Amino acid sequence: MNDDWAVSWGGANGDPSAYGDLTQNGGKDLNLPAAGAGTYNIKLYLSYEGANKVVLTKQ
């Protein structure tokens, strides 16, 4: 973000499956969804802390 690695998007509260609760403050790397490996459409919705989310849809 803005040519800097200081912002680290990921799951809030150390939760690697928190797709509906992302944080930009050192978030946990997200796990692959239960659907497993493959090609995904990824949509990132940014709003405010506590309302950021990502939606992964397997293609």
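Not measured: the values here are computed from a predicted model.
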Check: residues 39-47 side-chain donor-acceptor pairs under 3.5 Å, at least two apart:
| residue | atom | partner | partner atom | Å |
| --- | --- | --- | --- | --- |
| Y40 | OH | G36 | N | 3.4 |
| Y40 | OH | G36 | O | 2.3 |

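- Among all heavy-atom pairs drawn from A18 and G11, the shortest one is CB-CA, 3.9 Å.
- Residues L30 and P16 fail the side-chain proximity criterion, which asks for heavy atoms closer than 4.5 Å.
- Under the rule for a side-chain hydrogen bond (donor to acceptor under 3.5 Å, both in side chains), the partners of S17 that lie at least two apart in sequence or sit in another chain are D15.
- Linking ILVMFWY residues whenever their side-chain heavy atoms come closer than 4.5 Å, directly or via other members, leaves V55 and L22 in distinct clusters.
- Within the model, atoms CH2 of W9 and CG of N25 stand 8.5 Å from one another, a figure rounded to the nearest 0.5 Å.
- Within the structure, the side chain to side chain donor-acceptor pair (under 3.5 Å) test picks out the following pairs touching residues 49-59 (sequence neighbours left out): T23-E49.
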